[in-house]
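Any value given below was found using the heavy atoms of this structure, including those in side chains, with hydrogens, waters and symmetry copies removed.
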Amino acid sequence: MTANNTPVSDPTVEFYINGKRINSNSVSVTPDNGFKLGGNELRAIYPGSDTHAVSVGTASVTVSKATDASIDGFQVPSNGTFDGTAHTGNQTNLTVQRNGVTLDSSPSVTVEYTLDGRAVSAPVLPGSYSVTLSVPEGETYTAIRQDAGGFTISKATP
């Protein structure tokens, strides 16, 4: 690294995360290279050259659980008409994601239905329903509670 903190574009720079050498450069250091939750040390070592001195730079990097992850893959039921059956959403291939990256491919998702603001065990009766999804804290994300949308069950035609 140079004195003005501009990265040196020299392939001899070595990078280490938590003491383990990685095959990377200053642009592509990512969590896939060995960062873990909690505190991490990133170290860059430039061995020097005829015109530059040896330089060692270290940085502390703290990795926290994602607080902005979301539940993906749930489809709210479409509006329907009362017929005595429960109108439930599609829960196929539920995942927890952050910025398009899957953090959990098999989360334990709880689906809550409310009818006009009151919790119900199943959406059967006519009215306006809201759907809320929740999942407990995972290995890489905090607990999630999100609005999934709403739908209406109309009264049956006499």
Heavy-atom distance under 4.5 Å between the side chains of T88 and P123, does that happen here?
yes
Given the rule that I, L, V, M, F, W and Y join up when any side-chain heavy atoms are under 4.5 Å apart, are V61 and I17 in one cluster?
yes
For the residue pair V111 and Q91, establish whether any side-chain heavy-atom pair is separated by less than 4.5 Å.
yes
Non-hydrogen side-chain atoms of F82 and K155 separated by less than 4.5 Å:
no
Which distance, rounded to the nearest 0.5 Å, do you find between the CG of D83 and the OG1 of T81?
7.5 Å
Which heavy-atom pair separates P136 from S108 by the least distance, and what is that distance?
CD-O, 3.4 Å
Single-linkage hydrophobic cluster, 4.5 Å side-chain cutoff, V124 and V131 together:
yes
For N40 and F35, indicate whether the former's side chain and the latter's backbone hold a donor-acceptor pair under 3.5 Å.
no
Verify, without hydrogens or angle tests, whether S49 (side chain) and H52 (backbone) share a donor-acceptor contact under 3.5 angstrom.
yes
Shared hydrophobic cluster for V63 and Y16 (ILVMFWY, side-chain gaps under 4.5 Å):
no
Full working for salt bridge (charged side-chain N to carboxylate O under 4.0 Å, His left out) between E112 and R145
CA-CA 10 Å; E112 301 170 25; R145 184 168 177 82; 2.9 Å; yes
Decide whether L37 and L103 are clustered together by the hydrophobic rule: side chain heavy atoms of Ile, Leu, Val, Met, Phe, Trp, Tyr closer than 4.5 Å, transitively.
no
Per the side-chain hydrogen bond (donor to acceptor under 3.5 Å, both in side chains) rule, what does the pair list look like for residues 123-140, sequence neighbours excluded?
K65-E137
Taking K36 for its side chain and G39 for its backbone only, find out whether a donor-acceptor pair lies under 3.5 Å.
yes
Nearest 0.5 angstrom please: N18 CG to R43 CZ, how far?
10.5 Å
Could you check if a side-chain atom of Y141 sits within less than 4.5 angstrom of a side-chain atom of V135, using non-hydrogen atoms only?
yes
Any side-chain heavy atom of F15 sitting closer than 4.5 Å to one from I45?
no
dist I144:CD1 -> R98:CZ (nearest 0.5 Å) comes out at 11.5 Å
Shortest non-hydrogen contact from S105 toward T95
CA-CG2, 4.1 Å
Validation row: V101, Q97 side chains within 4.5 angstrom (heavy atoms):
no
Which residues share a side-chain contact (heavy atoms from CB on, under 4.5 Å) with N99, sequence neighbours left out:
none
CD1 (I153) and OG1 (T85) are apart, to the nearest 0.5 Å, by 8.0 Å
Establish whether L125 and F151 are linked, either directly or via other cluster members, by ILVMFWY side-chain heavy-atom contacts under 4.5 Å.
yes
When T92, L94, N93, N90 are each screened for side-chain contact (heavy atoms from CB on, under 4.5 Å) with F74, the one that passes is L94
Check whether any side-chain heavy atom of E41 lies under 4.5 Å from a side-chain heavy atom of T58, and answer yes or no.
yes
Just verifying a value: how many Å separate L133 CG and Q146 CD, rounded to the nearest 0.5 Å?
5.0 Å
Contact summary for V13 and A44, nearest pair of heavy atoms
CG1-CB, 4.4 Å
Identify the heavy atoms of L115 and G127 that sit nearest to each other, and give their distance.
CD1-CA, 3.5 Å
